[in-house]
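Notes follow once the structure below has been shown.
Whatever order the structure lists them in is the order used to number ligands and atoms, beginning at 1. Count residues from 1 along the sequence.
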Amino acid sequence: MGDLTAVVAAALDRFQIELPSWGFANTGTRFGKFVQAAAATTIDEKLADAGQVHALTGACPTVALHALWDLPRGAADVDRVRTAAAEAGVRPGAINPNLFERQQYAHGSFGNPDPMVRDGAIAHCVDCARLGQALGSRDLSLWFADGSNYPGTANIRARKRLFAEGLAAVHASLSPTQRLLVEYKPFEPAFYHTDIADWGMALLLAREAGAQAKVLVDTGHHYVSQNIEQIIAWLLDEQMLGGFHFNDRRYADDDLTLGSIDPYQVFRIFHEIGFYEWQAGSRADIAYVIDQGHNLKGTIEAMIQTVAIAQALFAKAALVDFGRLSDAQREADLVRAESCLQDAFATDVRPAIVEWRRARGVPDDPIQAFRTSGYLERVTRERSGRVAPAPSSFV
Ligand code: RM4
Ligand code: MN
Ligand code: MN
């Protein structure tokens, strides 16, 4: 047990998970939004909420920012964001350019047939790289909505080359310590072809872009039943896994709470990372980021819940006996090998996590502490007058 507590503590000490600024805002589906009076509408509010999550969990020192939503005036917003982050006790994390909302992107950004639109999209990413430098953030995280809805309407090969050119141009604007993360997604908003649809496409493009480009795996961006941990193992072996966007899903890109549908899959992903690190004898440099929007759960509470689930599953994965597992794999002892994972997954890590929390000076039960803190009541009062009525996508 003493051993278990120490292993869990060492695992949690090295596990930090980045919060998404957009996860504290109102969200919904294309059928409508159910607004929460307490949801954040400004970057100051998003950072303040993120600061609460970090204060209660001790695991979230950074916040991913969406350029257009959080820094609409670009460089002119840097000081404000830096100050608000410091006041909230967090730091700016990955910068996410927005290449999907503006009218000119109807037919794509980097893949747009119009060179003016392409140049504008690349310039926006270069600006975002500079914002990252000014804010002291490391990762420029790119997700593209580019694709097409009908067969024959886009030159898939030409667009592949445009993406290679555009990503190389953005890569050239990075500082030596910045990274470029390339995210993939099989469909939505494009429903026939998506330019960066899977990890293989992201891998090829990242390789071509330059040495500081890596792949970002959003756990919700795969077809149902895809073996995500195998992708993780391959990207680790290729030294090309840059980071994660964590969420869970049942059908498509549902952005549900991590581990709510399939906690064993999250465990298996963490296991592949731990197993790799054990064999390599060094830590993998991976950015763990949450990418969730909660339209029905309370935004802050859902984020605290997510962090706690991620910590528990990461801690369980750290309990796998890798030596025993390796022996069993070599001897093709299938049941013993499999049980190495199952035993770790079945271990109750909650008491060890409470001990870790006490040692780190955070509450035993962060959700309960949040509920009794009065923070939600206060921001509900302060923010309630400003929430716009539920908008519809179909008007
Ligand atoms: C996309 C993708 C991106 C995220 C946007 C809001 O589906 O997951 O990473 O920034 O949603
Ligand atoms: Mn994502
Ligand atoms: Mn997504």
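Heavy-atom contacts of His221 reach the following atoms of ligand 1: 2 (C), 7 (O), 8 (O) (cutoff under 4.0 Å). Atoms of ligand 1 lying under 4.0 Å from any heavy atom of His245, numbered from 1 in the order shown and given with element: 9 (O). For ligand 1, the atoms lying closer than 4.0 Å to a non-hydrogen atom of Asp253 are 7 (O). Every atom of ligand 1 with a heavy atom of Asp218 under 4.0 Å away is listed here by number and element: 8 (O). Atoms of ligand 1 found under 4.0 Å from any heavy atom of Glu183, numbered from 1 in the order shown, are 2 (C), 3 (C), 8 (O), 9 (O).
Among the candidates Trp143, Tyr105, Phe144, the single residue satisfying the ring pair (Phe, Tyr, Trp, His ring centres under 6.0 Å) test with Phe100 is Trp143.
For the residue pair Asp49 / Tyr375, a side-chain donor-acceptor distance below 3.5 Å is found, with atom types taken as modelled.
Closest heavy-atom contact between Cys125 and Val170: CB-CG2, 3.6 Å.
Neither the backbone nor the side chain of Glu188 comes within contact range of ligand 1; no heavy atom lies under 4.0 Å.
Taking the centre of each ring, His222 and Tyr184 come in below the 6.0 Å mark. Here the two rings, on Tyr192 and Tyr150, have centers that are 6.0 Å apart or farther. Taking the six-membered ring where the residue is Trp, the centroids of Phe246 and Phe270 are separated by under 6.0 Å.
Counting non-hydrogen atoms of other residues, nucleotides and ligands closer than 6.0 Å to NZ of Lys160 gives a total of 12 or fewer. His124 NE2: more than 12 foreign heavy atoms inside a 6.0 Å radius.
In terms of polar-atom proximity, Trp69 is not counted as a contact of ligand 1, lacking any N or O under 3.5 Å from an N or O of the ligand. Some N or O of His66 is nearer than 3.5 Å to an N or O of ligand 1, by distance alone.
Following chains of ILVMFWY side-chain contacts shorter than 4.5 Å, one cannot reach Val117 starting from Ile156, and the two form parts of different hydrophobic clusters.
For Asp253, the N/O/S atom at the shortest distance from the Mn ion (ligand 3) is named OD2.
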Can you list the steps and then say if Thr153 with Asn149 is a side chain to side chain contact (heavy atoms under 4.5 Å, CB included)?
-> CA-CA 8 Å; Thr153 60; Asn149 278 346; over 6 Å; no
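The pair Asp364-Arg358 counts as a salt bridge, with a side-chain nitrogen and a carboxylate oxygen less than 4.0 angstrom apart.
For atom 4 (C) of ligand 1, the closest heavy atom belonging to the protein is Asp291 OD2, 3.5 Å. Of all protein heavy atoms, the one lying nearest to atom 5 (C) of ligand 1 is Trp143 CE3, 4.2 Å.
Listed by chain and number, the protein N, O or S atoms at a distance under 2.8 Å from the Mn ion (ligand 2) are Glu183 OE2, Asp218 OD2, His245 ND1, Asp291 OD2.
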